[in-house]
Each structure stands twice: as structure tokens, then as C-alpha cells.
*Asks:* 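Below you will find the structure I want to go over with you.
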Amino acid sequence: MIGNFVSTRFNYILGWARKYSLFHYPFITACCGMEYMSTAASHYDWDRFGTGWTRFSPRQSDMLVVCGTISHKLAPVLRTVYDQMTEPKWVMAFGTCTVSGGIYDNYAVVQGIDRIIPVDIYIPGCPPRPETVLDGLIKLQEKIQKQEQAWRWKKRK
Amino acid sequence: MEKKKVIEELKKKFSEKIKEVSVQFGDEILHIERDSLLDIVQFLKDKPYSYSMLLDLTCIDYKGQEPRFEMVYHLFSIPNVQRLRIKVGLSEKDLRIDSLASLWKNANWLEREVFDMFGVDFKGHPELKRIFMYDGFEGYPLRKDFPLRKRQPRIQMRK
């Protein structure tokens with residue numbers, strides 16, 4: 001009984017800590033990168049919501065922000081970057097091209113990055129307004145808070 | 001140098017090789033035979049005509065017509081400030097043409113792009129291989145008969 005209580009509180013505290021320190025890796029390939037920059041820079045400043053710093057190394061980041069069109073030629077690279085990230089990790093699909101392929105329904109473009117890697121939050125828009133991105137970020141934080149957190153001493157089921 | 005004079009000189013020198021000269025949007029278009037491409041282009045590149053700049057080089061697929069493919073070359077003369085367009089028809093069965101990579105360095109990559117997208121074989125090209133699409137990609141995607149929904153992923157898709 002007491003054990004369950006401690007475990008639940010610890011889970012809550014871990015979720016609280018993780019959702020407010022989302023160090024992110026920007027995987028930017030196209031025009032959505034401009035919107036990412038304006039969201040991340042001082043005017044909209046998504047660090048206010050606890051996104052942390054931009055980490056240009058997948059091994060030190062918690063959130064993969066995929067901005068822009070992913071072609072079939074680039075797909076193995078994105079997969080490798082995702083595999084290099086350490087747990088826990090989340091993926092944000094930023095813009096219509098990453099959500100569904102967008103207007104590029106052709107031979108070269110992957111029809112949504114969820115065909116390559118699992119995605120936690122989809123942000124549509126071509127490109128999405130910074131407000132949309134912030135809304136998506138808050139929704140991702142709610143999701144992280146409600147998640148069953150994994151930690152090192154936890155019993156595996 | 002008047003442009004009319006250039007066309008006249010060309011007609012005089014390569015009379016039977018030039019099929020037609022037309023004008024569109026103020027620029028002359030030369031329709032020429034395939035085997036005389038290098039001679040005509042070299043003649044235009046030299047002084048006094050000095051069409052020394054290759055602006056662009058591309059291909060068009062007119063499916064259902066004969067010849068099916070058409071190569072388009074855009075030349076620019078810097079001292080005379082003139083443009084000239086050269087078109088060469090290519091049939092599907094014999095899809096070969098001389099490479100201009102020996103005359104212009106930028107023709108190297110432009111011709112690799114045309115090879116990648118249309119499958120035109122350039123004779124004398126130093127390194128004719130795909131430039132945009134990855135190794136193992138089958139078919140030529142900008143041809144009109146390339147399947148619209150055909151996908152060729154490099155890695156296993158999740159669903």
C-alpha cells in the first residue's frame with residue numbers, strides 16, 4: 001500500500017521533471033525550419049514552457065523535432081538519429097510534410113514519418129504558426145505527465 | 001552582332017542540319033539534327049558569336065509523339081547579350097546524344113540529372129550515374145509512364 005503510494009508519487013515527480021526539461025534535437029530539412037527558429041528564438045521563446053536548450057547531438061536530447069519533408073533518400077538517416085537517442089525519448093512531427101507527406105504525393109517523399117519512427121505529437125500546418133507549435137508542445141507535456149515513467153530500478157513486467 | 005546574322009551564318013554553314021528556326025517570346029529556337037549538335041554548339045561558342053554560357057540543359061517527354069523525347073539547350077552570349085535555344089528530338093528506341101561536358105563544366109551535373117530523370121544516354125560523359133535518386137532506384141521518375149504511386153523505400157517501413 002505504502003509502496004504503491006511512493007511509486008505513484010515518484011512516477012508523478014519524474015513526469016513533472018521530464019516534461020519541463022525537453023532538450024530537443026532539431027532535424028530540419030525544409031522551410032518548416034524557419035518556423036521552428038521563430039518558435040525557438042526570443043520572440044515566441046518556447047523555453048518558457050520548459051523545452052530546454054537545443055542539443056545538436058541525438059545522444060543528449062530527449063525530443064526529436066522533425067521539421068520538413070523527409071525523402072526516401074533521407075529516411076535511413078532519420079532512423080539512425082532516432083535509434084541513437086537514449087530513453088526516454090519523444091518525437092514531434094512538425095508540419096504537414098512530416099505528418100502525411102503533405103503536397104508531395106510522389107516517388108521521392110515518405111508519406112508521413114510515422115512509417116519510419118513512432119511519433120508522439122503531430123503538429124499540422126504548412127508551416128504551423130508558432131502558437132500551434134506551442135499548443136502541440138503543451139499537449140505533449142500533458143502526455144508525458146500522464147505516462148507510465150520508466151526508471152532504472154523499476155521492476156520490469 | 002545582330003541575332004539575324006547569327007541565324008543566317010548558321011543556315012549557310014549547316015544548311016541541311018538545321019530543320020527549322022522558330023521564334024517564341026522574342027527568342028529564336030533552333031531545331032537541329034542529333035549528330036550535328038557538337039559542331040553547331042562549338043561554332044556558336046567560338047568568337048564572334050560567343051555563346052559561351054550554358055544556362056540550362058533539360059529534357060521533355062512528349063509521350064505518344066515521335067520523336068518522344070526532346071533535349072533543350074539554353075545558350076547565352078555575354079558580349080552580345082543574346083539568348084538562343086536549341087532543341088534536338090530523340091526517339092525512344094535510340095535514346096543517345098553527345099555529351100557537352102567537354103565544352104562546359106556545368107553540363108556534367110545537368111546531364112547526370114537528365115540521365116537520372118529520363119534515362120538519356122550521353123556519349124562521352126566522364127561519369128554518367130544517378131545524381132538525385134539513390135543506388136538501387138529503378139526506373140526514370142520524370143517519364144510520363146512512370147507509375148504515379150510507385151514507392152521504392154530504402155528501409156523497412158513500419159506499416
Side-chain angles (χ1 to χ4, degrees), chain A residues 25 27-31 58 63-85 87-124 140 143, chain B residues 56-65 68-72 90 92 95 106-122 125-159:
Chain A
Y25 178 84
F27 193 92
I28 293 176
T29 56
C31 37
M63 177 169 68
L64 179 63
V65 182
V66 186
C67 293
T69 325
I70 302 295
S71 61
H72 280 298
K73 197 175 180 176
L74 195 65
V77 180
L78 179 60
R79 174 73 154 276
T80 309
V81 167
Y82 178 77
D83 289 343
Q84 280 178 339
M85 288 170 69
E87 293 280 355
K89 55 187 173 185
W90 296 276
V91 178
M92 177 188 273
F94 189 117
T96 311
C97 288
T98 53
V99 173
S100 68
I103 58 170
Y104 304 107
D105 187 6
N106 61 20
Y107 60 93
V109 175
V110 178
Q111 302 297 302
I113 58 163
D114 51 3
R115 300 208 178 180
I116 312 167
I117 56 178
V119 177
D120 289 288
I121 186 87
Y122 297 88
I123 302 176
L140 176 64
K143 184 180 176 179
Chain B
D56 197 11
L57 173 167
T58 187
C59 186
I60 309 170
D61 182 0
Y62 294 106
K63 193 176 181 319
Q65 290 181 28
R68 181 177 161 182
F69 293 95
E70 193 172 64
M71 287 294 300
V72 188
L90 296 175
E92 194 181 355
L95 204 54
N106 64 334
N108 187 322
W109 281 16
L110 292 169
E111 284 174 353
R112 275 178 67 186
E113 182 189 349
V114 171
F115 168 73
D116 195 353
M117 294 292 153
F118 293 95
V120 178
D121 183 16
F122 290 93
H125 192 285
E127 191 192 17
L128 196 62
K129 60 176 190 181
R130 287 191 182 276
I131 189 168
F132 288 143
M133 305 315 293
Y134 34 91
D135 290 336
F137 189 88
E138 284 174 11
Y140 301 105
L142 286 197
R143 284 193 185 185
K144 297 289 183 201
D145 52 3
F146 188 83
L148 195 63
R149 306 260 171 202
K150 191 177 179 185
R151 302 287 189 274
Q152 301 181 35
R154 293 173 76 191
I155 54 173
Q156 182 72 39
M157 293 278 141
R158 291 176 70 226
K159 56 183 177 181

*Asks:* Just wondering, do M133(B) and K73(A) contact through their side chains at under 4.5 Å, heavy atoms?
*Replies:* no
*Asks:* Do D105(A) and R149(B) have side-chain heavy atoms sitting under 4.5 Å apart?
*Replies:* yes
*Asks:* With a 4.5 Å limit on heavy-atom distance, are the side chains of H72(A) and R151(B) in contact?
*Replies:* yes
*Asks:* Looking at F137(B), Y134(B), F132(B), which has the largest count of heavy-atom pairs under 4.5 Å with chain A?
*Replies:* Y134(B)
*Asks:* More than 12 heavy atoms of other residues, nucleotides or ligands under 6.0 Å from CG of D83(A): yes or no?
*Replies:* yes
*Asks:* Grab the two heavy atoms, one from I117(A) and one from R158(B), that are nearest each other, plus how far apart they are.
*Replies:* O-NH1, 3.3 Å
*Asks:* Counting only non-hydrogen atoms closer than 4.5 Å, does R115(A) touch chain B with its backbone (N, CA, C, O), its side chain (CB onward), both, or neither?
*Replies:* both
*Asks:* For the CD1 atom of I116(A) and the CE atom of M157(B), what is their distance to the nearest 0.5 Å?
*Replies:* 5.0 Å
*Asks:* Can you list everything that forms a ring pair (Phe, Tyr, Trp, His ring centres under 6.0 Å) with F118(B)? Sequence neighbours excluded, please.
*Replies:* none
